[in-house]
Amino acid sequence: MADDRFVLTEVIDNKKLNELMNDVRTDPSEENMIALLREAAICRFIVPLSIVNGGQPSLQALSDANGKQYMAIFADTKSYEVKSETRPLTGVISSFEEVLEVCMANPNIEGFVINPGLEEVLFGRQMLSMISDMMHGGDDTAKVGEPDHYPAKLHGMLEEFLKVEPAIDRIWVRLMRVNKEGELRWLFILEGDYSEKKEYVHDTFSNFIKPYLDGLGLMCASSEDDFVKPVIEGVKPYIGREQK
């Protein structure tokens, strides 16, 4: 029998959000993704729970082909009813920010999927990290600028990456100071035709270049991401195929 504390009685119906998710599925353009993010930020979601071990709640997670774990959430009660194998429905109602914080606090979770098996829109960890910084720090969350020097092996290793990843054409390299923590990180902005494998390319790139950054952390973004466009406006790429 389900624990009454986690039986869902409130009906959630984010009609506009579901429409925007359908738009993103059929046309994953920057404009549609920004509209989805803005709507998601003001919505509440169903976080499904499995009740195990005599009443202990457990988050439901999904695994991708590489074994990475993603938290499952639903935008509306109807969608959860379609995908749930048990009754009554169990879970909690959470804001977008609360779901984001749970993901960021759990190193084993790579992000979350809204309406898995249906409209299914995925938010990966790097995207969530950027959103979290913006939500908690306002417009002045991070300052980005030109580094006064670059790691010695950086240019050569980026050349090697361009050789093995033909989808990437140009890369910007900036230095970012996260104001809340005062932490310095390298910001890499990639340009190319790789939207269908964005998470894979960013993960591969991050793992490849991390050992050559003189101990600093990094963040990776696409030149198509709206929030990085002011960062590269009028700035020449650090490296590109045309610069060989």
Side-chain angles (χ1 to χ4, degrees), residues 1-29 32-132 135 195-203:
M1 181 178 295
D3 190 321
D4 289 343
R5 293 175 300 166
F6 302 111
V7 172
L8 294 171
T9 56
E10 182 180 355
V11 175
I12 300 295
D13 181 17
N14 290 317
K15 183 177 179 181
K16 183 176 180 181
L17 181 66
N18 278 319
E19 291 174 351
L20 290 169
M21 286 195 295
N22 276 315
D23 290 344
V24 167
R25 289 280 288 175
T26 56
D27 177 18
S29 65
N32 285 345
M33 194 62 188
I34 292 171
L36 174 61
L37 281 171
R38 287 175 175 166
E39 182 65 19
I42 60 173
C43 288
R44 295 190 303 153
F45 297 86
I46 298 170
V47 180
L49 296 173
S50 299
I51 310 303
V52 298
N53 299 330
Q56 292 297 318
S58 175
L59 291 173
Q60 295 184 13
L62 307 168
S63 296
D64 66 10
N66 297 315
K68 293 182 178 181
Q69 297 285 308
Y70 293 87
M71 184 175 164
I73 67 174
F74 288 90
D76 60 286
T77 302
K78 184 177 179 180
S79 296
Y80 186 21
E81 286 176 338
V82 169
K83 301 305 295 183
S84 178
E85 297 177 356
T86 61
R87 296 292 186 277
L89 300 178
T90 54
V92 293
I93 308 299
S94 300
S95 67
F96 182 88
E97 185 172 4
E98 289 170 334
V99 174
L100 186 153
E101 288 176 353
V102 169
C103 288
M104 297 307 299
N106 190 333
N108 297 317
I109 297 292
E110 290 294 325
F112 60 80
V113 180
I114 305 176
N115 285 8
L118 299 170
E119 293 83 3
E120 196 167 294
V121 175
L122 182 147
F123 288 81
R125 177 169 285 274
Q126 289 195 343
M127 172 70 80
L128 294 180
S129 178
M130 292 182 184
I131 295 171
S132 178
M135 292 180 74
S195 60
E196 293 183 358
K197 55 176 183 175
K198 183 176 177 180
E199 289 293 326
Y200 169 78
V201 170
H202 285 184
D203 286 348

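Bear in mind that the values here come from a model prediction, so they are computed numbers and not experimental data.
Residues passing the ring pair (Phe, Tyr, Trp, His ring centres under 6.0 Å) test with Phe45, sequence neighbours excluded: none. By the side chain to side chain contact (heavy atoms under 4.5 Å, CB included) test, Val82 pairs with Leu118, sequence neighbours left out. For the side chain to side chain donor-acceptor pair (under 3.5 Å) test, no residue two or more places apart in sequence or in another chain qualifies with Glu39. Here Ser50 pairs with Gln60 under the side chain to side chain donor-acceptor pair (under 3.5 Å) rule; sequence neighbours left out. A search for side chain to side chain contact (heavy atoms under 4.5 Å, CB included) contacts involving Asn66 returns Asp64, not counting sequence neighbours. In this structure, the side chain to side chain contact (heavy atoms under 4.5 Å, CB included) partners of Asn106, at least two apart in sequence or on a different chain, are Asn108, Ile109. Among residues two or more places apart in sequence or in another chain, the side chain to side chain donor-acceptor pair (under 3.5 Å) test is passed with Lys197 by Glu165. Residues satisfying the side chain to side chain donor-acceptor pair (under 3.5 Å) criterion with Glu10, sequence neighbours excluded, are Arg44. Every residue meeting the side chain to side chain contact (heavy atoms under 4.5 Å, CB included) condition with Leu37, not counting sequence neighbours, appears here in chain and number order: Phe123, Ile131.
When atom types are taken as modelled, the side chain of Glu101 and the backbone of Glu98 share no donor-acceptor pair closer than 3.5 angstrom. Between the side chain of Thr26 and the backbone N or O of Asp23 there is at least one donor-acceptor pair closer than 3.5 Å.
The shortest distance between side-chain heavy atoms of Met21 and Glu120 does not fall below 4.5 Å. Looking only at side-chain heavy atoms (C-beta outward), Ile73 and Ile46 stay at 4.5 Å or farther from each other. Residues Glu199 and Arg125 have side chains not in contact (no heavy-atom distance under 4.5 Å, counting atoms from C-beta outward).
When all heavy atoms of Glu119 and Ser79 are compared, the closest pair comes out as OE1-OG, 4.5 Å. Taking all atoms of both residues into account, the shortest heavy-atom contact from Ala72 to Pro48 is O-CD, 3.2 Å. When all heavy atoms of Leu128 and Cys103 are compared, the pair lying nearest together is CD1-CB, 4.0 Å. Arg87 and Glu81 make their closest contact through NH2-O, 2.7 Å (heavy atoms, listed as atom of the first residue, atom of the second, distance).
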Next on the checklist: The test is side-chain contact (heavy atoms from CB on, under 4.5 Å); show your working for Val47 and Met71 and say whether it passes.
Outcome noted: CA-CA 9 Å; Val47 180; Met71 184 175 164; 3.5 Å; yes

Next on the checklist: Let's go through Leu49 and Leu59 carefully: what are the C-alpha distance in whole Å and the side-chain angles of both, what is the deciding distance for side-chain contact (heavy atoms from CB on, under 4.5 Å) to 0.1 Å, and is it a yes or a no?
Outcome noted: CA-CA 5 Å; Leu49 296 173; Leu59 291 173; 3.8 Å; yes

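Among residue pairs with one or both ends in residues 67-77, those qualifying as salt bridge (charged side-chain N to carboxylate O under 4.0 Å, His left out) are Lys68-Asp203; sequence neighbours excluded.
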